[in-house]
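A short worksheet on the structure shown next.
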Amino acid sequence: MIRRNDPCWCGSGKKYKKCHMDEDERGQKKAGPPNRMVKTAEELEGMRAAGAFNGQLLDYIRDYVKAGVSTAQIDRLVHEYTVSHGHRPATLGYHGYTKSCCTSINNVVCHGIPSENEILKDGDIVNVDLTTIVDGFYGDSSETFLIGDVSEEARRLVRITAEAMLRGINAVCPGAELSVIGEAIEPFVQSQGCSVVHQYTGHGIGTSFHEFFSVYHHRDPDSDDVVLRPGMTFTIEPMINLGGWQVTTDKVDKWTVRTRDQSLSAQFEHTVAVTESGVEILTLTPTQRSLGKRLIVSGLEIE
Ligand code: MF3
Ligand code: CO
Ligand code: CO
C-alpha cells in the first residue's frame, strides 16, 4: 500500500499526502476498500472495449515510429486517430500535460513530451505510451520500439524489459498479494545486471486514469497488504534501466523523467484484469491477438 511520504502514484513527483491522498481516502469511504478496485461484469466490458481500442491504436502508430519522424508527428497521429474514432486521449489536459501520448527516447524513463524538434534517428529506442478514454473507461499501454539498427545492449535491455512485464503479468492470480508482481520482476531484472525504477509504478485503472492502488515493480514491504481479487483492473508497466534505478525529473518542463546516470531505459505496459483463474490482458493489440504473441517490437517477437 502506498505510504503518506511515498511519491504519489500519479507521477506528479509530489509526496502522496500532498497530492492524491485525500481524494483516495474520500473514494474509499464511499465504496469501502479494497472493493473499490473490483469492477462489475458490466464495467469489465467497458474496460475491454477501452483496452481493445488502445491496442488498435498502438498497432496503427507502429508503422510510423521510424527514423526521420518527429515525436510531435506521432502525437498528432495518436490524437487524430483517437478523436476520429469518437474517443479521447487521456493525457490531454491531465495535470496540465498538453499532448496525446508520451514519447520517451533512450535515457528518458517516462513522460517524455512529444516535440517537433525531436526526430527519431537510427539506433534510438523509444517508448510510446498511449492512454485512451472510451465511453468513460481507460485503457493504458505502451511499447518500446527499436529504430533501425539498434546496439546489442539496447536490444538486450528492451528484451529484458518486455520479459519483466510478462513475468509480472504471469504472476497475477486471485488470492495472491500485490507484492507477487515486484517479486516476479525485480530478481529477474537484477540477475540480468539491470535495475527497476522505484519512483514510478503501475496503478489501478478504471473510470479514472490512476486509481487506488500503486503497483510496485520492485520488492517493497508496504505493498503486501492488498490481496488480488477477480475484477480488479490495473496496469503493469516496469521501467528498467541499464544502469542504476535512480531518476531525475526535468527542472524546466517538470515532466520528462531521465535516468540519473544517463543510462538507457525501456518500458512496456499493459492494462490487466484479475480473473477467477488468473489474468486477462485487456490491451493486447490486434497483431498480438492474431499471432498469439503478447509483444512485438520491431523485429523481436517475445512470447
Ligand atoms: N500513461 C502513463 C502511465 O502509464 C501516464 C502518463 S501521464 C502524463 O501511467 F501526463 F504524463 F501523460
Ligand atoms: Co499506466
Ligand atoms: Co501508460
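Note that ligands are numbered from 1 as they come in the structure, with each ligand's atoms numbered from 1 the same way. Owing to the predicted nature of the structure, the values given are computational and were not obtained by experimental measurement.
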So, 4.0 Å and heavy atoms of His111: is ligand 1 close enough to count as a contact? yes

Would you mind running through ligand 1 and noting each atom that sits below 4.0 Å from a heavy atom of Trp255? 8 (C), 10 (F), 11 (F)

So does Glu237 have any N/O/S atom less than 2.8 Å away from the Co ion (ligand 2)? yes

Relative to the heavy atoms of Glu237, which atoms of ligand 1 are at a distance of less than 4.0 Å? 3 (C), 4 (O), 9 (O)

Counting heavy atoms under 4.0 Å, the part of Glu269 that contacts ligand 1 is side chain

In this structure, is the centre-to-centre distance between the rings of Tyr81 and Phe53 below 6.0 Å? yes

Would you check the N or O atoms of Tyr94, main chain and side chain alike, for any that come under 3.5 Å of an N or O of ligand 1? no

Does a donor on one side chain sit under 3.5 Å from an acceptor on the other, for Ser265 and Asn241? yes

At the 4.0 Å heavy-atom cut-off, does Phe209 count as touching ligand 1? yes

Set out, in order, the CA-CA distance, both residues' side-chain angles and the distance that settles side chain to side chain contact (heavy atoms under 4.5 Å, CB included) for Phe209 and Asp140, then state yes or no. CA-CA 8 Å; Phe209 202 153; Asp140 187 7; 3.6 Å; yes

Looking only at side-chain N and O atoms, does Asp59 offer a donor or acceptor that is under 3.5 Å from a partner on Thr287? yes

When you draw lines from the Co ion (ligand 2) to NE2 of His203 and to OD2 of Asp140, what angle lies between them, to the nearest 10°? 90°

Is the count of non-hydrogen atoms from other residues, nucleotides or ligands lying under 6.0 Å from Lys66 atom NZ greater than 12? yes

What atoms in ligand 1 come closer than 4.0 Å to a heavy atom of Thr91? 12 (F)

Is the contact between Ser142 and ligand 1 made by the side chain, the backbone, both, or neither, using heavy atoms and a 4.0 Å cut-off? neither

Within a distance under 4.0 Å of any heavy atom of Thr131, pick out the atoms of ligand 1 and give their elements. 1 (N)

With a cut-off of 2.8 Å, does any N, O or S atom of Glu269 fall short of it relative to the Co ion (ligand 3)? yes

Would you call the rings of Tyr216 and His218 parallel, tilted or perpendicular if under 30° counts as parallel and over 60° as perpendicular? perpendicular

Compare every heavy atom of Phe188 with every heavy atom of Ile160, then report the nearest pair and how far apart it is. O-CE2, 3.6 Å

Under 4.5 Å between any side-chain heavy atoms of Val257 and Val108, yes or no? no

His210-ligand 1 polar pair, N/O distance under 3.5 Å: yes

Answer with yes or no after comparing the ring centroid distance for Tyr94 and His210 against a 6.0 Å cut-off, counting only values under it. yes

